[in-house]
Amino acid sequence: MNLADIKTVENLLKSKGFTFKKSLGQNFLIDSSVCPRMAESFCDENCGVLEIGPGFGVLTAELAKRAKKVVAIELDERLREILPITLGEFSNVQIIFGDAMKLDIAKIIEEKFYDCESVSICANLPYYITSPLIMMLLEKKLPVKYITVMVQKEAAERLCAEVGSRESGAVTVAVDYYSKANILFGVGRNSFHPAPNVDSAVIQLEIRKTPPIKLKNEEFFFKFIKACFAQRRKTLVNTVSNTLGIGKDKIKEVLSLCGLSETVRSEQLKMEELASISDSLFRK
Ligand code: SAM
């Protein structure tokens, strides 16, 4: 079954009475070149793939052709009767119905992929959970090699921005701390059905074995980073003071010790500079 063919999709919709739910970010891929490219960017015959949001299974099928095993998590119960039809030819695919934000992903990886040489995560992500889902996957420090996901073009630019550039934000720092991130290719809005109002891009996060910097306290660093970007128009002194309740004089003193101006903005700082400030502000 060619799931990237609009006629096939329309026939399925009609025969099962399926209607797209905007609230679940249901824009399904109908461009036959995109899913093979995503799958080929990281799959091999010994790897396991955890997919989030298979929809009709258009990406799942391309992953199943190239990987040892695919486990896909889908929230929409209405797909229970559709996925066995669309993916019936693949014996290496298993679907778990549930919310990817709530399920124990570490346990799923441990139980399902014990016989795979490596595990990667792949998805055409529902846009409403892009950043929280990526943050959740990174913070859990899962034993995965790559996270390859389709996201909105603007989100791709922010997630893969250089720390210290105008596009960077708290999520950019987290992505760079846990992985090496790259935009693989852009995907136009007409590659989806129904077509969204924005273009997309596929990004790939190659998970680091060790972080690029050594921190006194990782938990405090991420609290500090969230505070740094909480009020984007304000200077670092003001946003961190307002958000974490640390005195402005203390922050100015730390900035001066780090050789930085007291009017500096968080998006102007490199990872090492952010780490030095965080380490100096951290109190045991
Ligand atoms: N993979 C398909 C494709 O590329 O055409 C569908 C992608 S569509 C953008 C997003 C999918 O994620 C939908 O099938 C939607 O039902 C599912 N989804 C939305 N929220 C979810 C969640 N919290 N957990 C798991 N799946 C979710």
Side-chain angles (χ1 to χ4, degrees), residues 1-43 49-67 70 72-76 78-79 82-83 85-87 89-90 93 95 100 120-134 146-161 167 171-172 175 181-205:
M1 193 179 281
N2 179 7
L3 294 166
D5 172 53
I6 182 74
K7 283 272 164 296
T8 310
V9 171
E10 275 171 355
N11 287 340
L12 259 175
L13 293 173
K14 237 186 242 158
S15 67
K16 298 291 171 192
F18 188 92
T19 48
F20 294 104
K21 272 196 187 163
K22 217 178 163 184
S23 61
L24 290 183
Q26 290 184 336
N27 301 96
F28 290 3
L29 270 163
I30 48 158
D31 179 332
S32 60
S33 70
V34 174
C35 296
R37 265 179 100 182
M38 285 179 81
E40 273 159 21
S41 74
F42 71 93
C43 274
V49 186
L50 181 72
E51 189 194 355
I52 293 165
F56 283 172
V58 63
L59 175 59
T60 326
E62 297 303 326
L63 296 168
K65 284 179 201 166
R66 295 165 177 86
V70 182
I73 300 173
E74 174 56 60
L75 180 59
D76 191 345
R78 297 174 305 159
L79 291 161
I82 296 181
L83 282 165
I85 302 169
T86 55
L87 296 173
E89 66 188 275
F90 299 102
V93 174
I95 311 290
S120 288
I121 295 176
C122 190
N124 169 15
L125 280 182
Y127 294 148
Y128 77 107
I129 45 167
T130 300
S131 285
L133 189 80
I134 291 178
Y146 294 105
I147 298 179
T148 305
V149 285
M150 171 97 65
V151 298
Q152 282 189 12
K153 188 167 164 269
E154 286 70 22
E157 283 161 2
R158 179 167 293 253
L159 289 159
C160 300
E167 297 76 31
V171 74
T172 317
V175 164
N182 274 307
I183 296 183
L184 293 188
F185 55 93
V187 181
R189 63 195 72 187
N190 292 326
S191 295
F192 300 88
H193 182 73
N197 298 326
V198 289
D199 293 323
S200 295
V202 174
I203 64 169
Q204 188 162 73
L205 314 185

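This chain uses plain numbering: 1 for the first residue, then up along the sequence.
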>> Within this structure, what is the CG-OG1 distance for the pair L12 and T86, rounded to the nearest 0.5 Å?
In response: 7.0 Å
> Within the side chain of T8, is there an N or O that forms a donor-acceptor pair under 3.5 Å with the backbone of N2?
Replying inline: yes
>> Could you check whether any side-chain heavy atom of V202 comes within less than 4.5 Å of a side-chain heavy atom of V187, counting everything from C-beta outward?
In response: yes
> Which distance, rounded to the nearest 0.5 Å, do you find between the CD of E62 and the SG of C43?
Replying inline: 10.0 Å
> Which distance, rounded to the nearest 0.5 Å, do you find between the CG of L63 and the CZ of F90?
Replying inline: 10.0 Å
>> Any non-hydrogen side-chain atom of R78 less than 4.5 Å from a side-chain atom of K16?
In response: no
> Taking only residues two or more places apart in sequence or in another chain, which ones pass side-chain hydrogen bond (donor to acceptor under 3.5 Å, both in side chains) with D199?
Replying inline: R189
Identify every side-chain donor-acceptor pair in residues 29-39 under 3.5 Å, counting partners at least two apart or on other chains, and give the distances.
| unit_1 | atom_1 | unit_2 | atom_2 | d |
| --- | --- | --- | --- | --- |
| D31 | OD1 | S33 | N | 2.9 |
| D31 | OD1 | S33 | OG | 2.9 |
| D31 | OD2 | S191 | OG | 3.0 |

> Which distance, rounded to the nearest 0.5 Å, do you find between the CE of M150 and the CG of L184?
Replying inline: 10.5 Å
> How far does CD1 of I82 sit from CG of L87, to the nearest 0.5 angstrom?
Replying inline: 11.0 Å
>> The criterion is side-chain hydrogen bond (donor to acceptor under 3.5 Å, both in side chains); which residues satisfy it with Y146, sequence neighbours excluded?
In response: none
> Given H193, which of F18, F20, F56 fulfils the ring pair (Phe, Tyr, Trp, His ring centres under 6.0 Å) condition?
Replying inline: F20
> Between T60 and E51, do the side chains contain an N or O donor and an N or O acceptor separated by less than 3.5 Å?
Replying inline: yes
>> What's the separation between atom CG in N27 and atom CG in L125, rounded to the nearest 0.5 Å?
In response: 12.0 Å
> Does the side-chain contact (heavy atoms from CB on, under 4.5 Å) test come out yes or no for T148 and I121, once each step is laid out?
Replying inline: CA-CA 6 Å; T148 305; I121 295 176; over 6 Å; no
>> Could you check whether Q204 and S41, counting side-chain N and O atoms only, form a donor-acceptor pair closer than 3.5 Å?
In response: yes
> Is E157 salt-bridged to K153, going by a charged N under 4.0 Å from an acidic O?
Replying inline: yes
> Got a sec, which residues hit ring pair (Phe, Tyr, Trp, His ring centres under 6.0 Å) with F42, two or more places apart in sequence or on another chain?
Replying inline: none
> E10: what forms a side-chain hydrogen bond (donor to acceptor under 3.5 Å, both in side chains) with it, not counting sequence neighbours?
Replying inline: none
> Taking all non-hydrogen atoms of both residues, which atom of A100 and which atom of I52 are closest, and how far apart?
Replying inline: CB-CG2, 3.7 Å
>> Any side-chain to backbone donor/acceptor pair from E74 onto D76? Under 3.5 Å, distance only.
In response: yes
>> Counting C-beta onward and ignoring hydrogens, is there a side-chain heavy-atom pair between L24 and P126 closer than 4.5 Å?
In response: no
> Given the rule in the salt bridge (charged side-chain N to carboxylate O under 4.0 Å, His left out) test, do E154 and R158 qualify, once you have shown the distances and angles that lead to the verdict?
Replying inline: CA-CA 6 Å; E154 286 70 22; R158 179 167 293 253; over 6 Å; no
>> I'd like to know whether C122 forms a side-chain contact (heavy atoms from CB on, under 4.5 Å) with V149, so could you lay out the CA-CA distance, the side-chain angles of the two residues, the decisive distance to 0.1 Å, and finally the verdict.
In response: CA-CA 5 Å; C122 190; V149 285; over 6 Å; no
>> Tell me the closest heavy-atom pair linking F28 and G55, and the distance in Å.
In response: CZ-CA, 3.6 Å
> Name the one of L79, V70, I73, L83 that satisfies side chain to side chain contact (heavy atoms under 4.5 Å, CB included) with I95?
Replying inline: L83
>> So, using side-chain hydrogen bond (donor to acceptor under 3.5 Å, both in side chains) as the criterion, who are the partners of S120 when residues are at least two apart?
In response: none
> Can you name the closest pair of heavy atoms from A156 and I203 and give their distance?
Replying inline: CB-CG2, 3.5 Å
> Has the side chain of T130 got a donor or acceptor atom that lies under 3.5 Å from a matching backbone atom of V151?
Replying inline: no
>> Could you go through S200 and Y127, starting from their C-alpha distance and side-chain angles, then the distance that decides it, and tell me whether this counts as side-chain hydrogen bond (donor to acceptor under 3.5 Å, both in side chains)?
In response: CA-CA 10 Å; S200 295; Y127 294 148; 2.4 Å; yes
